[in-house]
Amino acid sequence: MLAEFKANNISFEDLVTSYKISLSTVVKLSRQPERFITTNWQIANILFNLYEAYVYLTKRGQSLSLTELRQSVPNKVFFIREAENLFRLDFPLSKIAALTNIPYSTLHRYKQKPELLKSTSWITVYELAELYTLVKALKHAEQQAFNEYKHKINDFIHTK
């Protein structure tokens, strides 16, 4: 991933300057990609989103610049907010724990102190944010199905 940035004249220094990621971190990640799993989630998230934007822009045949990449990357605060929103839903922590393999006690701490999400691993925040998106979509679909059912019953009652 980072090699492709270099191949397109986006240097590690550009990444460091634009996103305030230490050069030593970027170099370590380029040499040992397995470190992405344990690195600070915000750094990993920025680099992964940059890469997704890079792939998207190059598939469209657009010229690649750091400015274009920066505009394509979602704000890191978005994922924290989505993860926090999961705990505001009426969705049991036990189900979240079962779906994500995150211990119940850890989830309980995140619910009590959402600021802890800022210092947890990026994969945890990302999983919680993705789960929030799924749960929200399911709740919306359930509500829509309920409304359709209610409408059909209402039509049935009024047609007799």
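- With sequence neighbours excluded, no residue forms a side-chain contact (heavy atoms from CB on, under 4.5 Å) with Lys152.
- Contact between Phe87 and Lys111 at its shortest, heavy atoms only, is O-CE, 3.6 Å.
- The side-chain hydrogen bond (donor to acceptor under 3.5 Å, both in side chains) analysis of residues 88-102, with sequence neighbours excluded, yields the pairs Asn85-Arg88.
- Using modelled atom types, no side-chain atom of Thr120 and backbone atom of Leu116 make a donor-acceptor pair closer than 3.5 Å.
- In terms of the side-chain contact (heavy atoms from CB on, under 4.5 Å) criterion, Leu138 has no residue partners (sequence neighbours excluded).
- Atom CD1 in Ile102 sits 6.5 Å away from atom OH in Tyr110 (nearest 0.5 Å).
- Using modelled atom types and a 3.5 Å distance limit, the side chains of His151 and Asn147 yield no donor-acceptor pair.
- Leu93 and Leu107 get closest at one heavy-atom pair: O-CD1, 3.7 Å.
- Shown here are the side-chain hydrogen bond (donor to acceptor under 3.5 Å, both in side chains) partners of His140, two or more places apart in sequence or in another chain: there are none.
- Partners of Leu134 under the side-chain contact (heavy atoms from CB on, under 4.5 Å) rule, at least two apart in sequence or in another chain, do not exist in this structure.
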Note to self: One pair to check against side-chain contact (heavy atoms from CB on, under 4.5 Å): Gln144 and Glu148. What are the steps and the verdict?
What the structure shows: CA-CA 6 Å; Gln144 204 170 11; Glu148 287 175 19; 4.0 Å; yes
Next item on the list: List the steps and the verdict of side-chain contact (heavy atoms from CB on, under 4.5 Å) for Tyr126 and Leu131.
Entry: CA-CA 8 Å; Tyr126 185 76; Leu131 184 57; over 6 Å; no
Check: side-chain contact (heavy atoms from CB on, under 4.5 Å) between Leu117 and Phe79: does it pass, once the steps are laid out?
Finding: CA-CA 10 Å; Leu117 290 167; Phe79 293 101; over 6 Å; no
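- Listed by chain and number, the residues in a side-chain hydrogen bond (donor to acceptor under 3.5 Å, both in side chains) with Gln112 amount to none (sequence neighbours excluded).
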